[in-house]
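In what follows, a structure is listed as structure tokens, so that the remarks can point back to it.
Heavy-atom basis, side chains included; hydrogens, waters and symmetry copies ignored.
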Amino acid sequence: MLDKFKPTWMVEAIYQITPEQLKAHGFKAVLTDLDNTLIAWNNPNGTKELIDWLKMMDEAGIPVVVVSNNKASRVAKALESFQLDFVSRAMKPFSVGIKNAQRQLGVSKDEIVMIGDQVMTDIRGASAAGIRSILVRPILDTDGWNTRINRFFERRVMHILLSKDPEMKWKSEL
């Protein structure tokens, strides 16, 4: 049952994932969560590291689409300087938002990967959509009030998954 929450890979930060690594696994596009994955949840301006990563993906021809449970106005405001496509109100852990993004991109399930910082929403949503996933550590140790509940359950799920699978380890690359 807990396999639905198991990421395909665990990488320290989204910025450590390179186009070469993605292409080696057959990925043509990236879906990513917004808060605490791409940007700090309380700082929508992003960082130089983010700008460099997005530029690297763009130059490699790998589109990045944000799949967020936030409302459209919040996501649009956070992404206005990055000019990224997005799906808002994605309803993760359900697959609807991820499948919408896949249709937007016109790629198969094997050609996209979902990157996120939450097992309960991002990884579970990817599993429901039948795509591979990358769990990254949250950018910040703090969360918005609505995420703290998920983190409580996530700690328990991760403890069980890590104890059952010695291969599940944080890495610096795919």
Checklist entry - Can you hop from V107 to V66 via hydrophobic side chains spaced under 4.5 Å? => result no
Item to check | Separation of S68 OG from D35 CG (nearest 0.5 Å) | outcome: 6.0 Å
Item to check | Smallest separation among heavy atoms of V113 and W9, with atom names | outcome: CG2-CZ3, 4.5 Å
Checklist entry - Okay, side chain of N70, backbone of V75: is any donor-acceptor separation there less than 3.5 Å? => result no
Checklist entry - Does some side-chain heavy atom of M10 sit less than 4.5 Å from a side-chain heavy atom of M168? => result yes
Checklist entry - Could you give the distance from CG (L135) to CE (M158), rounded to the nearest 0.5 Å? => result 5.5 Å
Checklist entry - Which pair of heavy atoms, one from V157 and one from M120, lies closest together, and at what distance? => result CG2-SD, 4.2 Å
Item to check | Euclidean distance, L34 CG relative to S88 OG, rounded to 0.5 Å | outcome: 11.0 Å
Next on the checklist: Testing the basics here: between F86 and V65, what is the closest heavy-atom pair and its distance to 0.1 Å?
Outcome noted: CA-CG1, 4.1 Å
Checklist entry - Quick one: do I131 and V96 end up in the same hydrophobic cluster if we chain Ile, Leu, Val, Met, Phe, Trp and Tyr together by side-chain heavy atoms under 4.5 Å apart? => result no
Next on the checklist: Is it the case that the side chain of W53 and the backbone of I17 share a donor-acceptor pair, with hydrogens and angles ignored and the cut-off at 3.5 Å?
Outcome noted: yes
Next on the checklist: Donor-acceptor pair, distance only, cut-off 3.5 Å: does the side chain of Y15 make one with the backbone of D52?
Outcome noted: no
Checklist entry - Would you say the side-chain atoms of T37 and D117 include a donor-acceptor pair closer than 3.5 Å? => result yes
Checklist entry - Ignoring hydrogens and geometry, is there a side-chain-to-backbone donor-acceptor pair from K23 to A60 under 3.5 Å? => result yes
Checklist entry - Taking C-beta and beyond as the side chain, do E111 and F27 meet within less than 4.5 Å on heavy atoms? => result no
Checklist entry - Would a distance-only check, ignoring hydrogens and angles, find a side-chain to backbone donor-acceptor pair under 3.5 Å from R132 to H25? => result yes
Item to check | Between CE on residue M57 and CD on residue E59, distance to nearest 0.5 Å | outcome: 11.0 Å
Checklist entry - At what distance, to the nearest 0.5 angstrom, does CD1 of I115 lie from OG1 of T32? => result 5.5 Å
Item to check | Polar side-chain atom of Q16 near backbone of A13 as donor-acceptor pair, under 3.5 Å | outcome: yes
Checklist entry - Hey, does L105 have a side-chain heavy atom less than 4.5 Å from the side chain of P63? => result yes
Next on the checklist: Is the shortest side-chain heavy-atom distance between D33 and V67 below 4.5 Å?
Outcome noted: no
Next on the checklist: Are K109 and Q102 packed together at the side-chain level, in the sense that at least one heavy-atom pair is separated by less than 4.5 angstrom?
Outcome noted: yes
Next on the checklist: Hydrophobic clusters here meaning ILVMFWY residues chained together by side-chain heavy-atom distances under 4.5 Å, can you tell me if I123 and I160 are in one?
Outcome noted: yes
Next on the checklist: Using modelled atom types and a 3.5 Å cut-off, is there a donor and acceptor pairing between side-chain atoms of S163 and backbone atoms of H159?
Outcome noted: yes
Next on the checklist: Minimum heavy-atom separation for N69 and K92, please, with both atom names.
Outcome noted: OD1-N, 2.8 Å
Checklist entry - Do L174 and M114 sit in the same hydrophobic cluster, where Ile, Leu, Val, Met, Phe, Trp and Tyr count as joined when their side-chain heavy atoms come under 4.5 Å apart? => result no
Checklist entry - Do V64 and V87 sit in the same hydrophobic cluster, where Ile, Leu, Val, Met, Phe, Trp and Tyr count as joined when their side-chain heavy atoms come under 4.5 Å apart? => result no
Item to check | Note, I134 side chain near V136 side chain (heavy atom, < 4.5 Å) | outcome: yes
Checklist outcome for this item: Looking only at heavy atoms, the pair that brings I39 and A78 closest together is CD1-CB, 4.0 Å
Next on the checklist: Which heavy atom of Q21 sits nearest to which heavy atom of E173, and what is that distance?
Outcome noted: NE2-CB, 2.9 Å
Checklist entry - Do the non-hydrogen side-chain atoms of I62 and V30 ever get within less than 4.5 Å of each other? => result yes
Checklist entry - Does the side chain of T47 reach to within under 4.5 Å of the side chain of I139, using non-hydrogen atoms? => result no
Checklist entry - If you measure from NZ on K6 to CD on E167, what distance do you get to the nearest 0.5 Å? => result 8.5 Å
Checklist outcome for this item: Sorted by chain and residue number, the side-chain hydrogen bond (donor to acceptor under 3.5 Å, both in side chains) partners of D110 (sequence neighbours excluded) come out as none
Checklist entry - Quick check: does any side chain N or O of D58 sit under 3.5 Å from a backbone N or O of L54, one acting as donor and the other as acceptor? => result no
Item to check | Polar side-chain atom of S95 near backbone of I98 as donor-acceptor pair, under 3.5 Å | outcome: no
